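To start, the structure itself, in structure tokens.
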Amino acid sequence: YQIIADRTGHSKEEIHEWLKKSCGQRKEINYIRPDGSEHSDFVVKSTTEYSTVEMNTYIDLVQKFAAMELGVVIPDPSAVEVESKDLGVR
């Protein structure tokens, strides 16, 4: 998120919350209203709850948004991890 934060002037936390709401996965919650009727609604899922497939989809959407809307290239996390290992960074 730092690349987008630097470009927009927002904090990493603000970018995370905004992207999660804009690009993130939703989950259905069911509850009972005070009158006893059942109801369901959709809420934004925490990124910590994402499956590997959901996280890959989310990262792809964030990368596309950054490229198209901000002209920013966000590298694949796996590429950054490989670079860090090559440089001896942990």
Side-chain angles (χ1 to χ4, degrees):
Y1 300 115
Q2 190 62 56
I3 295 169
I4 297 173
D6 291 344
R7 180 67 171 230
T8 62
H10 293 283
S11 71
K12 289 190 327 184
E13 293 77 18
E14 290 170 327
I15 297 300
H16 174 71
E17 289 302 317
W18 185 82
L19 287 170
K20 189 171 72 170
K21 288 177 186 173
S22 300
C23 305
Q25 301 287 321
R26 308 261 187 286
K27 67 179 177 181
E28 185 174 17
I29 57 168
N30 299 301
Y31 56 94
I32 298 175
R33 292 181 173 170
D35 66 5
S37 64
E38 292 183 18
H39 187 71
S40 65
D41 207 348
F42 288 88
V43 296
V44 177
K45 204 172 174 179
S46 169
T47 54
T48 61
E49 298 176 284
Y50 286 5
S51 68
T52 301
V53 171
E54 290 171 326
M55 183 55 81
N56 288 337
T57 300
Y58 175 72
I59 291 168
D60 186 54
L61 289 170
V62 169
Q63 288 172 321
K64 287 178 182 174
F65 163 78
M68 292 189 310
E69 298 296 325
L70 302 173
V72 173
V73 175
I74 298 178
D76 286 327
S78 59
V80 173
E81 185 177 310
V82 169
E83 287 177 22
S84 295
K85 286 181 182 177
D86 290 344
L87 295 173
V89 177
R90 293 181 188 225

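These values consider heavy atoms only, across backbone and side chains, with no hydrogens, waters or symmetry-generated copies. Values in this document were obtained by computation on a predicted structure and should not be read as measured data.
- When hydrophobic side chains of Ile, Leu, Val, Met, Phe, Trp and Tyr are connected at separations under 4.5 Å, V73 ends up as a singleton with no cluster partners.
- For E13, the side chain to side chain contact (heavy atoms under 4.5 Å, CB included) partners two or more places apart in sequence, or in a different chain, are S11.
- Counting heavy atoms from C-beta on, the side chains of E38 and N30 never come closer than 4.5 Å.
- Annotation: side chain of T8 is not in contact with side chain of E14 (no heavy-atom distance under 4.5 Å).
- R33 contributes no side-chain N or O that, together with a main-chain N or O of Y31, makes up a donor-acceptor pair within less than 3.5 Å.
- Other residues, nucleotides and ligands contribute over 12 non-hydrogen atoms within 6.0 Å of the CD atom of E28.
- Residue L70 belongs to a hydrophobic cluster whose other members are Y1, I3, I4, I15, W18, L19, Y50, M55, Y58, I59, V62, F65, V72, I74, with links defined by side-chain heavy atoms closer than 4.5 Å.
- At distances below 3.5 Å, not a single donor-acceptor pair connects side-chain atoms of R7 with backbone N or O atoms of Q2.
- For the residue pair E54 and E49, the shortest heavy atom distance occurs at OE1-O, 4.0 Å.
- Between the CE atom in M68 and the CD atom in Q63 there is a gap of 12.0 Å [rounded to 0.5 Å].
- Of all non-hydrogen atoms in R26 and K20, the two that sit nearest each other are NH1-O, 4.1 Å.
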